[in-house]
Amino acid sequence: VQPNGRLTAVGAHEAALSQLADHNNVKHASEMGRLLCSPDRVLVRVQKLTPEKADQLIWVRARIHTSRAKGKQCFLVLRQQQFNVQALVAVGERASKQMVKFAANWILMGSQFIFTHSERIIFVISQAEPRLPLQLEDCVRPEGEGDEDGRATVNQDTRLDNRVIDLRTTTSHAIFRLQSGVCQLFRDTLTNKGFVEIQTPKIISAASEGGANVFTVSYFKTSAYLAQSPQLYKQMCICADFDKVFCVGPVFRAEDSNTHRHLTEFVGLDIELAFNYHYHEVIESITDTMVQIFKGLRDKFQTEIQTVGKQYSSEPFKFLEPTLRLEYTEGVAMLREAGVDMGDEEDLSTPNEKLLGRLVKEKYDTDFYVLDKYPLAVRPFYTMPDPNDKKYSNSYDMFMRGEEILSGAQRIHDAQLLTERAIHHNIDLEKIKSYIDSFRYGAPPHGGGGIGLERVCMLYLGLHNVRQVSMFPRDPKRLTP
(Lines give C-alpha, C1' and ligand atoms only; values in the text may rest on other atoms or scores of the structure.)
Protein backbone atom coordinates (compact mmCIF):
# COMPACT_ATOMS: atom_id res chain seq x y z
CA VAL A 1 0.00 0.00 0.00
CA GLN A 2 1.46 3.30 -1.02
CA PRO A 3 1.13 6.43 1.18
CA ASN A 4 -1.45 7.81 -1.29
CA GLY A 5 -3.71 4.85 -0.52
CA ARG A 6 -3.22 2.98 -3.79
CA LEU A 7 -2.38 -0.68 -3.96
CA THR A 8 0.57 -1.55 -6.15
CA ALA A 9 1.42 -4.93 -7.64
CA VAL A 10 5.18 -5.40 -7.78
CA GLY A 11 5.73 -8.11 -10.34
CA ALA A 12 5.03 -11.47 -11.91
CA HIS A 13 6.96 -13.52 -14.47
CA GLU A 14 5.66 -15.15 -17.62
CA ALA A 15 5.79 -18.67 -16.26
CA ALA A 16 3.55 -17.72 -13.36
CA LEU A 17 1.11 -16.05 -15.74
CA SER A 18 0.91 -19.09 -18.00
CA GLN A 19 0.27 -21.27 -14.96
CA LEU A 20 -2.50 -18.96 -13.77
CA ALA A 21 -4.16 -19.03 -17.18
CA ASP A 22 -4.19 -22.83 -17.20
CA HIS A 23 -7.17 -24.03 -15.11
CA ASN A 24 -6.05 -27.64 -15.53
CA ASN A 25 -2.56 -27.17 -14.14
CA VAL A 26 -2.60 -29.41 -11.06
CA LYS A 27 0.83 -28.31 -9.90
CA HIS A 28 -0.23 -24.68 -9.97
CA ALA A 29 -3.50 -25.44 -8.21
CA SER A 30 -1.57 -27.16 -5.46
CA GLU A 31 0.86 -24.27 -5.16
CA MET A 32 -1.94 -21.71 -5.12
CA GLY A 33 -3.76 -23.70 -2.47
CA ARG A 34 -0.61 -23.79 -0.35
CA LEU A 35 -0.20 -20.04 -0.63
CA LEU A 36 -3.83 -19.22 0.04
CA CYS A 37 -4.11 -21.54 3.04
CA SER A 38 -0.84 -20.47 4.64
CA PRO A 39 -1.42 -18.96 8.10
CA ASP A 40 1.14 -16.32 7.20
CA ARG A 41 -1.07 -14.98 4.41
CA VAL A 42 -3.47 -12.63 6.21
CA LEU A 43 -6.18 -11.04 4.04
CA VAL A 44 -6.88 -7.37 4.76
CA ARG A 45 -10.39 -6.01 4.34
CA VAL A 46 -10.70 -3.08 1.95
CA GLN A 47 -12.59 -1.25 4.69
CA LYS A 48 -9.45 -1.54 6.87
CA LEU A 49 -7.04 0.05 4.39
CA THR A 50 -6.26 3.05 6.56
CA PRO A 51 -3.23 5.39 6.25
CA GLU A 52 -1.53 3.32 8.95
CA LYS A 53 -1.18 0.50 6.39
CA ALA A 54 1.06 2.67 4.16
CA ASP A 55 4.29 0.92 3.05
CA GLN A 56 3.08 -2.45 4.32
CA LEU A 57 2.92 -5.60 2.18
CA ILE A 58 -0.63 -6.95 2.28
CA TRP A 59 -3.05 -9.41 0.66
CA VAL A 60 -6.47 -8.23 -0.52
CA ARG A 61 -9.32 -10.34 -1.87
CA ALA A 62 -11.94 -8.36 -3.79
CA ARG A 63 -13.97 -8.02 -6.96
CA ILE A 64 -12.88 -5.88 -9.86
CA HIS A 65 -15.36 -3.03 -10.09
CA THR A 66 -13.73 -1.30 -13.06
CA SER A 67 -10.45 -1.69 -14.95
CA ARG A 68 -8.64 0.73 -17.24
CA ALA A 69 -5.35 0.12 -19.07
CA LYS A 70 -3.19 3.05 -20.08
CA GLY A 71 0.18 2.43 -21.65
CA LYS A 72 2.33 0.43 -19.28
CA GLN A 73 -0.15 0.78 -16.43
CA CYS A 74 -3.48 -0.75 -15.48
CA PHE A 75 -5.80 0.92 -12.98
CA LEU A 76 -8.21 -1.34 -11.11
CA VAL A 77 -10.99 -0.31 -8.74
CA LEU A 78 -11.34 -3.16 -6.25
CA ARG A 79 -14.69 -3.57 -4.52
CA GLN A 80 -15.45 -5.44 -1.33
CA GLN A 81 -19.13 -5.07 -0.47
CA GLN A 82 -19.78 -1.31 -0.21
CA PHE A 83 -16.11 -0.31 0.05
CA ASN A 84 -13.57 0.12 -2.73
CA VAL A 85 -9.96 1.08 -3.32
CA GLN A 86 -7.93 1.85 -6.43
CA ALA A 87 -5.08 -0.50 -7.35
CA LEU A 88 -2.27 0.11 -9.82
CA VAL A 89 -0.36 -2.50 -11.83
CA ALA A 90 2.63 -0.88 -13.57
CA VAL A 91 5.64 -2.09 -15.49
CA GLY A 92 8.77 -1.70 -13.39
CA GLU A 93 11.69 -3.55 -11.91
CA ARG A 94 9.44 -6.23 -10.45
CA ALA A 95 6.39 -6.05 -12.73
CA SER A 96 6.49 -7.29 -16.31
CA LYS A 97 4.49 -6.20 -19.34
CA GLN A 98 2.81 -9.59 -19.21
CA MET A 99 1.45 -8.92 -15.74
CA VAL A 100 -0.02 -5.58 -16.84
CA LYS A 101 -1.56 -7.28 -19.86
CA PHE A 102 -2.89 -10.04 -17.63
CA ALA A 103 -4.50 -7.53 -15.28
CA ALA A 104 -5.97 -5.51 -18.14
CA ASN A 105 -7.24 -8.24 -20.42
CA TRP A 106 -7.65 -11.53 -18.63
CA ILE A 107 -9.29 -10.46 -15.36
CA LEU A 108 -12.90 -9.68 -16.17
CA MET A 109 -15.39 -7.36 -14.59
CA GLY A 110 -16.92 -8.93 -11.49
CA SER A 111 -14.24 -11.63 -11.09
CA GLN A 112 -13.07 -12.43 -7.59
CA PHE A 113 -9.33 -12.49 -7.10
CA ILE A 114 -6.57 -12.16 -4.55
CA PHE A 115 -4.17 -9.30 -5.10
CA THR A 116 -0.87 -9.69 -3.26
CA HIS A 117 2.13 -7.45 -3.04
CA SER A 118 4.47 -9.82 -1.25
CA GLU A 119 4.20 -12.77 -3.68
CA ARG A 120 4.33 -10.51 -6.77
CA ILE A 121 1.34 -12.21 -8.30
CA ILE A 122 -2.42 -12.00 -8.82
CA PHE A 123 -4.61 -15.06 -8.21
CA VAL A 124 -7.96 -15.30 -9.95
CA ILE A 125 -10.36 -17.00 -7.55
CA SER A 126 -13.56 -16.98 -9.59
CA GLN A 127 -13.84 -15.75 -13.16
CA ALA A 128 -17.00 -13.95 -14.30
CA GLU A 129 -18.69 -14.42 -17.67
CA PRO A 130 -17.23 -12.21 -20.43
CA ARG A 131 -20.47 -10.23 -20.74
CA LEU A 132 -22.55 -9.31 -17.71
CA PRO A 133 -26.28 -8.59 -18.20
CA LEU A 134 -25.78 -5.22 -16.53
CA GLN A 135 -22.87 -3.11 -15.35
CA LEU A 136 -22.59 -2.08 -11.72
CA GLU A 137 -21.38 1.34 -12.74
CA ASP A 138 -24.71 1.90 -14.50
CA CYS A 139 -26.63 0.55 -11.50
CA VAL A 140 -25.21 3.08 -9.05
CA ARG A 141 -25.49 6.16 -11.26
CA PRO A 142 -27.40 8.95 -9.45
CA GLU A 143 -30.99 9.43 -10.53
CA GLY A 144 -31.31 11.54 -13.66
CA GLU A 145 -27.59 11.61 -14.41
CA GLY A 146 -27.78 9.11 -17.27
CA ASP A 147 -30.76 10.87 -18.81
CA GLU A 148 -28.85 14.13 -19.18
CA ASP A 149 -25.71 12.89 -20.92
CA GLY A 150 -26.96 9.75 -22.68
CA ARG A 151 -25.12 7.29 -20.46
CA ALA A 152 -26.68 3.94 -19.76
CA THR A 153 -29.15 3.46 -16.95
CA VAL A 154 -30.70 0.22 -15.71
CA ASN A 155 -34.46 -0.07 -15.28
CA GLN A 156 -36.03 -1.76 -12.30
CA ASP A 157 -37.18 -4.95 -14.06
CA THR A 158 -33.68 -5.55 -15.44
CA ARG A 159 -32.25 -5.07 -11.97
CA LEU A 160 -34.71 -7.51 -10.43
CA ASP A 161 -34.26 -10.08 -13.22
CA ASN A 162 -30.53 -10.02 -12.42
CA ARG A 163 -30.89 -9.43 -8.70
CA VAL A 164 -27.69 -11.23 -7.64
CA ILE A 165 -25.61 -8.76 -9.61
CA ASP A 166 -27.74 -5.77 -8.64
CA LEU A 167 -27.31 -6.70 -4.98
CA ARG A 168 -23.55 -6.28 -5.34
CA THR A 169 -23.84 -2.52 -5.66
CA THR A 170 -22.76 -0.28 -2.82
CA THR A 171 -26.30 1.11 -2.66
CA SER A 172 -27.89 -2.33 -2.26
CA HIS A 173 -25.40 -3.32 0.43
CA ALA A 174 -26.16 -0.13 2.31
CA ILE A 175 -29.93 -0.64 2.02
CA PHE A 176 -29.93 -4.16 3.35
CA ARG A 177 -27.44 -3.47 6.11
CA LEU A 178 -29.72 -0.68 7.26
CA GLN A 179 -32.72 -3.03 6.98
CA SER A 180 -30.91 -5.53 9.17
CA GLY A 181 -30.36 -2.69 11.60
CA VAL A 182 -34.10 -1.93 11.72
CA CYS A 183 -34.84 -5.53 12.72
CA GLN A 184 -32.10 -5.56 15.34
CA LEU A 185 -33.20 -2.24 16.84
CA PHE A 186 -36.83 -3.42 16.84
CA ARG A 187 -35.90 -6.60 18.69
CA ASP A 188 -33.53 -4.94 21.14
CA THR A 189 -35.92 -2.12 22.01
CA LEU A 190 -38.90 -4.39 22.67
CA THR A 191 -36.83 -6.96 24.56
CA ASN A 192 -35.60 -4.16 26.83
CA LYS A 193 -39.25 -3.18 27.35
CA GLY A 194 -40.06 -6.68 28.63
CA PHE A 195 -41.65 -8.05 25.46
CA VAL A 196 -41.40 -11.72 24.49
CA GLU A 197 -40.60 -12.64 20.89
CA ILE A 198 -42.95 -15.31 19.54
CA GLN A 199 -43.13 -17.35 16.33
CA THR A 200 -46.57 -17.78 14.79
CA PRO A 201 -47.95 -20.19 12.15
CA LYS A 202 -48.00 -19.02 8.54
CA ILE A 203 -50.27 -21.85 7.35
CA ILE A 204 -53.70 -21.35 8.91
CA SER A 205 -57.18 -22.82 8.65
CA ALA A 206 -59.10 -19.59 7.98
CA ALA A 207 -58.33 -16.17 6.55
CA SER A 208 -56.81 -14.25 9.46
CA GLU A 209 -58.31 -10.90 8.48
CA GLY A 210 -61.31 -12.05 6.47
CA GLY A 211 -61.96 -10.90 2.92
CA ALA A 212 -60.71 -12.31 -0.35
CA ASN A 213 -57.09 -11.09 -0.20
CA VAL A 214 -55.72 -14.44 0.90
CA PHE A 215 -53.63 -17.16 -0.76
CA THR A 216 -55.23 -20.61 -0.69
CA VAL A 217 -52.91 -23.62 -0.58
CA SER A 218 -53.55 -27.34 -0.83
CA TYR A 219 -53.22 -28.97 2.59
CA PHE A 220 -53.44 -32.75 2.30
CA LYS A 221 -57.16 -33.48 1.72
CA THR A 222 -58.34 -29.98 2.48
CA SER A 223 -57.36 -26.34 1.91
CA ALA A 224 -55.40 -23.92 4.07
CA TYR A 225 -54.36 -20.28 3.81
CA LEU A 226 -51.19 -18.26 4.05
CA ALA A 227 -51.42 -15.92 7.03
CA GLN A 228 -52.33 -12.32 6.25
CA SER A 229 -51.25 -11.38 9.76
CA PRO A 230 -50.08 -13.01 13.01
CA GLN A 231 -52.78 -11.10 14.87
CA LEU A 232 -54.86 -14.07 16.05
CA TYR A 233 -51.84 -15.73 17.60
CA LYS A 234 -50.54 -12.51 19.15
CA GLN A 235 -53.92 -12.03 20.80
CA MET A 236 -54.05 -15.64 21.94
CA CYS A 237 -50.72 -15.07 23.69
CA ILE A 238 -52.16 -12.01 25.40
CA CYS A 239 -55.10 -14.16 26.51
CA ALA A 240 -52.50 -16.61 27.85
CA ASP A 241 -51.07 -13.82 30.05
CA PHE A 242 -47.86 -13.13 28.14
CA ASP A 243 -48.78 -9.41 28.45
CA LYS A 244 -46.38 -8.10 25.79
CA VAL A 245 -45.32 -9.94 22.63
CA PHE A 246 -43.79 -9.23 19.25
CA CYS A 247 -42.83 -11.20 16.18
CA VAL A 248 -40.85 -10.73 12.98
CA GLY A 249 -41.89 -12.83 10.00
CA PRO A 250 -43.42 -13.07 6.53
CA VAL A 251 -46.92 -11.79 5.83
CA PHE A 252 -48.90 -12.68 2.70
CA ARG A 253 -51.48 -10.52 0.94
CA ALA A 254 -53.19 -11.71 -2.26
CA GLU A 255 -53.88 -8.16 -3.43
CA ASP A 256 -53.59 -7.48 -7.15
CA SER A 257 -51.95 -4.14 -6.40
CA ASN A 258 -49.11 -3.11 -8.69
CA THR A 259 -48.19 0.06 -6.85
CA HIS A 260 -44.89 1.45 -5.57
CA ARG A 261 -45.64 0.30 -2.00
CA HIS A 262 -47.47 -3.04 -2.25
CA LEU A 263 -45.98 -6.54 -2.16
CA THR A 264 -47.71 -9.91 -1.98
CA GLU A 265 -45.14 -11.07 0.57
CA PHE A 266 -43.44 -8.74 3.01
CA VAL A 267 -41.82 -8.81 6.44
CA GLY A 268 -44.12 -7.89 9.29
CA LEU A 269 -42.88 -6.34 12.53
CA ASP A 270 -45.83 -7.06 14.80
CA ILE A 271 -46.54 -5.87 18.33
CA GLU A 272 -49.32 -6.72 20.79
CA LEU A 273 -49.62 -5.77 24.45
CA ALA A 274 -52.07 -5.60 27.32
CA PHE A 275 -52.58 -2.14 28.81
CA ASN A 276 -53.55 -1.00 32.28
CA TYR A 277 -55.72 2.08 31.89
CA HIS A 278 -56.02 3.36 28.31
CA TYR A 279 -55.16 2.15 24.82
CA HIS A 280 -52.92 5.16 24.35
CA GLU A 281 -50.39 3.15 26.39
CA VAL A 282 -50.15 0.94 23.30
CA ILE A 283 -49.65 3.91 20.99
CA GLU A 284 -46.92 5.29 23.26
CA SER A 285 -45.12 1.96 23.40
CA ILE A 286 -45.15 1.56 19.61
CA THR A 287 -44.17 5.16 18.84
CA ASP A 288 -41.32 5.03 21.36
CA THR A 289 -40.10 1.84 19.68
CA MET A 290 -40.14 3.59 16.31
CA VAL A 291 -38.31 6.60 17.74
CA GLN A 292 -35.60 4.30 19.14
CA ILE A 293 -35.26 2.75 15.68
CA PHE A 294 -34.96 6.18 14.05
CA LYS A 295 -32.35 7.25 16.61
CA GLY A 296 -30.39 4.04 16.14
CA LEU A 297 -30.36 4.40 12.36
CA ARG A 298 -29.30 8.04 12.63
CA ASP A 299 -26.49 7.31 15.09
CA LYS A 300 -25.17 3.94 13.84
CA PHE A 301 -25.86 3.82 10.11
CA GLN A 302 -24.66 7.15 8.73
CA THR A 303 -22.30 5.41 6.29
CA GLU A 304 -25.22 3.45 4.81
CA ILE A 305 -27.54 6.47 4.77
CA GLN A 306 -24.95 8.58 2.97
CA THR A 307 -24.16 5.79 0.51
CA VAL A 308 -27.82 5.51 -0.50
CA GLY A 309 -28.08 9.30 -0.63
CA LYS A 310 -25.36 9.50 -3.28
CA GLN A 311 -27.65 7.67 -5.70
CA TYR A 312 -31.09 8.58 -4.36
CA SER A 313 -31.06 12.02 -2.78
CA SER A 314 -33.65 12.87 -0.14
CA GLU A 315 -34.18 15.11 2.85
CA PRO A 316 -33.00 13.68 6.21
CA PHE A 317 -35.84 11.93 8.05
CA LYS A 318 -37.30 14.08 10.83
CA PHE A 319 -39.23 12.98 13.92
CA LEU A 320 -40.42 14.44 17.20
CA GLU A 321 -40.08 13.11 20.71
CA PRO A 322 -42.70 12.47 21.95
CA THR A 323 -44.36 11.60 18.66
CA LEU A 324 -47.05 13.89 17.28
CA ARG A 325 -50.55 12.40 17.67
CA LEU A 326 -53.49 13.94 15.81
CA GLU A 327 -57.11 12.84 15.95
CA TYR A 328 -58.76 11.85 12.68
CA THR A 329 -61.10 14.83 12.82
CA GLU A 330 -58.06 17.15 13.05
CA GLY A 331 -56.55 15.53 9.98
CA VAL A 332 -59.82 15.90 8.05
CA ALA A 333 -60.01 19.56 9.07
CA MET A 334 -56.46 20.17 7.75
CA LEU A 335 -57.37 18.53 4.43
CA ARG A 336 -60.57 20.52 4.10
CA GLU A 337 -58.65 23.72 4.77
CA ALA A 338 -56.36 22.70 1.90
CA GLY A 339 -59.37 22.32 -0.41
CA VAL A 340 -60.15 18.59 -0.09
CA ASP A 341 -63.84 17.69 -0.05
CA MET A 342 -64.39 14.63 2.16
CA GLY A 343 -66.92 13.37 4.69
CA ASP A 344 -66.39 12.90 8.43
CA GLU A 345 -66.50 9.08 8.20
CA GLU A 346 -64.74 8.71 4.86
CA ASP A 347 -61.45 6.81 4.79
CA LEU A 348 -58.28 8.53 3.59
CA SER A 349 -57.33 7.89 -0.02
CA THR A 350 -53.65 7.46 -0.89
CA PRO A 351 -53.41 10.98 -2.42
CA ASN A 352 -55.04 12.47 0.69
CA GLU A 353 -52.62 10.53 2.93
CA LYS A 354 -49.69 12.06 1.06
CA LEU A 355 -51.21 15.53 1.11
CA LEU A 356 -51.85 15.29 4.84
CA GLY A 357 -48.25 14.20 5.32
CA ARG A 358 -47.04 17.33 3.53
CA LEU A 359 -49.39 19.52 5.59
CA VAL A 360 -48.19 17.94 8.83
CA LYS A 361 -44.54 18.43 7.79
CA GLU A 362 -45.17 22.10 7.02
CA LYS A 363 -46.96 22.72 10.30
CA TYR A 364 -45.11 20.47 12.76
CA ASP A 365 -41.78 19.74 10.96
CA THR A 366 -42.00 15.97 11.38
CA ASP A 367 -42.05 13.06 8.94
CA PHE A 368 -43.53 10.66 11.53
CA TYR A 369 -46.90 11.04 13.20
CA VAL A 370 -49.96 9.15 14.45
CA LEU A 371 -53.56 9.62 13.28
CA ASP A 372 -55.90 8.44 16.05
CA LYS A 373 -59.65 7.79 16.41
CA TYR A 374 -60.52 6.52 12.92
CA PRO A 375 -64.20 6.22 11.92
CA LEU A 376 -65.51 2.83 13.05
CA ALA A 377 -67.11 2.24 9.65
CA VAL A 378 -63.74 1.98 7.88
CA ARG A 379 -62.05 -0.36 10.39
CA PRO A 380 -62.14 -4.19 10.77
CA PHE A 381 -64.80 -5.91 12.87
CA TYR A 382 -62.44 -6.61 15.79
CA THR A 383 -61.78 -2.87 16.40
CA MET A 384 -63.00 -1.49 19.73
CA PRO A 385 -65.60 1.29 19.28
CA ASP A 386 -64.95 4.62 20.96
CA PRO A 387 -66.99 4.46 24.21
CA ASN A 388 -67.88 8.16 23.92
CA ASP A 389 -68.82 8.36 20.23
CA LYS A 390 -69.93 5.23 18.37
CA LYS A 391 -69.06 6.80 15.01
CA TYR A 392 -65.38 6.52 15.88
CA SER A 393 -63.05 3.85 17.21
CA ASN A 394 -60.01 3.27 19.38
CA SER A 395 -57.83 2.76 16.34
CA TYR A 396 -54.86 4.49 14.78
CA ASP A 397 -52.47 4.54 11.83
CA MET A 398 -48.85 5.66 11.81
CA PHE A 399 -47.25 7.49 8.89
CA MET A 400 -43.77 8.13 7.55
CA ARG A 401 -43.34 10.83 4.89
CA GLY A 402 -47.10 10.79 4.31
CA GLU A 403 -47.45 7.02 3.80
CA GLU A 404 -48.94 4.48 6.18
CA ILE A 405 -46.51 2.07 7.83
CA LEU A 406 -48.77 0.70 10.59
CA SER A 407 -52.45 0.11 11.12
CA GLY A 408 -53.51 -0.78 14.64
CA ALA A 409 -56.23 -0.60 17.27
CA GLN A 410 -57.49 -1.61 20.63
CA ARG A 411 -58.96 -5.07 20.01
CA ILE A 412 -62.36 -6.16 21.22
CA HIS A 413 -61.61 -8.60 24.06
CA ASP A 414 -65.22 -9.54 24.90
CA ALA A 415 -66.54 -12.56 23.00
CA GLN A 416 -70.15 -11.30 22.93
CA LEU A 417 -69.28 -7.86 21.54
CA LEU A 418 -66.89 -9.47 19.05
CA THR A 419 -69.70 -11.72 17.83
CA GLU A 420 -72.04 -8.77 17.41
CA ARG A 421 -69.47 -6.81 15.42
CA ALA A 422 -68.73 -9.82 13.19
CA ILE A 423 -72.44 -10.22 12.42
CA HIS A 424 -72.65 -6.49 11.65
CA HIS A 425 -69.83 -6.99 9.08
CA ASN A 426 -71.60 -10.05 7.58
CA ILE A 427 -68.76 -12.38 8.55
CA ASP A 428 -69.43 -16.13 8.73
CA LEU A 429 -69.11 -16.88 12.45
CA GLU A 430 -68.15 -20.48 11.81
CA LYS A 431 -65.01 -19.36 9.97
CA ILE A 432 -63.80 -17.27 12.91
CA LYS A 433 -65.02 -19.54 15.71
CA SER A 434 -61.52 -20.28 17.02
CA TYR A 435 -60.76 -16.57 17.09
CA ILE A 436 -63.88 -15.66 19.07
CA ASP A 437 -63.43 -18.65 21.39
CA SER A 438 -60.03 -17.29 22.43
CA PHE A 439 -61.79 -14.59 24.46
CA ARG A 440 -64.37 -16.77 26.24
CA TYR A 441 -62.07 -17.56 29.17
CA GLY A 442 -61.11 -14.04 30.12
CA ALA A 443 -58.81 -11.63 28.31
CA PRO A 444 -57.22 -8.31 29.37
CA PRO A 445 -57.80 -5.15 27.35
CA HIS A 446 -55.09 -4.99 24.74
CA GLY A 447 -54.03 -3.55 21.41
CA GLY A 448 -51.26 -3.59 18.87
CA GLY A 449 -50.40 -3.24 15.24
CA GLY A 450 -48.36 -4.49 12.33
CA ILE A 451 -45.50 -2.61 10.68
CA GLY A 452 -44.21 -3.28 7.18
CA LEU A 453 -40.42 -3.56 7.39
CA GLU A 454 -39.89 -2.74 3.72
CA ARG A 455 -42.04 0.39 3.91
CA VAL A 456 -40.13 1.63 6.95
CA CYS A 457 -36.82 1.27 5.10
CA MET A 458 -38.16 2.75 1.88
CA LEU A 459 -39.62 5.82 3.57
CA TYR A 460 -36.80 6.39 6.02
CA LEU A 461 -34.33 6.51 3.12
CA GLY A 462 -36.70 8.50 0.92
CA LEU A 463 -36.77 5.85 -1.83
CA HIS A 464 -39.51 5.61 -4.44
CA ASN A 465 -40.34 1.91 -4.67
CA VAL A 466 -40.68 -0.81 -2.05
CA ARG A 467 -39.01 -3.30 -4.42
CA GLN A 468 -35.74 -1.44 -3.86
CA VAL A 469 -35.78 -2.57 -0.23
CA SER A 470 -37.12 -6.10 -0.77
CA MET A 471 -34.22 -8.44 -1.42
CA PHE A 472 -36.23 -10.76 -3.71
CA PRO A 473 -39.60 -9.02 -4.10
CA ARG A 474 -42.89 -10.78 -4.72
CA ASP A 475 -45.74 -8.94 -6.39
CA PRO A 476 -48.61 -9.92 -8.72
CA LYS A 477 -46.22 -10.03 -11.69
CA ARG A 478 -43.03 -11.34 -10.11
CA LEU A 479 -42.35 -14.77 -8.61
CA THR A 480 -38.66 -15.07 -9.51
CA PRO A 481 -35.78 -15.07 -8.83
Side-chain angles (χ1 to χ4, degrees), residues 160 197-240 242 245-259 261-272 378-383 395 404 406-409 411-441 443 446 448-455 466-467 470-481:
L160 296 180
E197 182 171 6
I198 61 172
Q199 305 299 327
T200 63
K202 307 308 174 193
I203 302 175
I204 57 178
S205 62
S208 49
E209 294 196 357
N213 298 325
V214 59
F215 288 109
T216 304
V217 297
S218 175
Y219 195 74
F220 299 103
K221 295 183 179 180
T222 185
S223 294
Y225 305 92
L226 296 182
Q228 298 164 290
S229 163
Q231 184 179 317
L232 166 61
Y233 299 97
K234 291 190 303 175
Q235 290 189 259
M236 289 174 72
C237 288
I238 299 300
C239 293
F242 277 75
V245 299
F246 73 93
C247 58
V248 179
V251 176
F252 303 90
R253 300 287 172 90
E255 297 179 86
D256 192 9
S257 298
N258 295 281
T259 74
R261 65 178 188 174
H262 285 93
L263 294 170
T264 54
E265 178 184 354
F266 62 91
V267 178
L269 308 177
D270 276 86
I271 303 173
E272 202 78 19
V378 302
R379 304 302 271 195
F381 75 97
Y382 48 74
T383 304
S395 66
E404 176 210 319
L406 174 144
S407 184
R411 324 297 192 185
I412 295 175
H413 59 281
D414 177 79
Q416 183 57 41
L417 178 56
L418 192 59
T419 300
E420 293 172 6
R421 292 300 301 163
I423 292 173
H424 177 79
H425 281 256
N426 298 314
I427 294 175
D428 186 346
L429 295 180
E430 194 58 35
K431 290 185 177 180
I432 59 169
K433 183 177 184 301
S434 61
Y435 178 68
I436 294 177
D437 286 347
S438 300
F439 304 100
R440 296 193 186 282
Y441 310 108
H446 62 280
I451 304 164
L453 170 64
E454 290 85 353
R455 283 195 191 179
V466 72
R467 291 156 187 81
S470 177
M471 188 163 278
F472 299 101
R474 297 290 179 259
D475 60 34
K477 297 180 179 179
R478 180 169 293 279
L479 196 56
T480 59

I need the minimum non-hydrogen distance between [X] and [Y], along with the two atoms involved.
{"X": "H262", "Y": "R467", "answer": "O-NH2, 3.5 Å"}
{"X": "A422", "Y": "L429", "answer": "CB-CD2, 3.7 Å"}
{"X": "D270", "Y": "G450", "answer": "OD2-CA, 3.3 Å"}
{"X": "V217", "Y": "Y225", "answer": "CG2-N, 4.2 Å"}
{"X": "G449", "Y": "R411", "answer": "N-NH2, 3.5 Å"}
{"X": "T419", "Y": "R440", "answer": "OG1-NH2, 4.4 Å"}

Can you tell me if [X] uses its side chain to pair, donor with acceptor, with the backbone of [Y] under 3.5 Å?
{"X": "Q228", "Y": "N213", "value": "yes"}
{"X": "T259", "Y": "R261", "value": "yes"}
{"X": "K234", "Y": "I271", "value": "yes"}
{"X": "T264", "Y": "P476", "value": "no"}
{"X": "E272", "Y": "Q231", "value": "no"}
{"X": "T383", "Y": "P380", "value": "yes"}

Should the ring pair F439 and H446 be called parallel, tilted or perpendicular, given that the plane angle runs from 0 to 90° and is split at 30 and 60? parallel
Any [X] side-chain heavy atom under 4.5 Å of [Y] side chain:
{"X": "E265", "Y": "V251", "answer": "no"}
{"X": "Y441", "Y": "C239", "answer": "no"}
{"X": "F266", "Y": "R253", "answer": "yes"}

Which value, rounded to the nearest 0.5 Å, describes the distance between S229 atom OG and I204 atom CD1?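 Those atoms lie 8.5 Å apart.
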Inspect the surroundings of NZ in K433 and state if more than 12 heavy atoms from other residues, nucleotides or ligands are less than 6.0 Å away.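 Result for NZ/K433: open.
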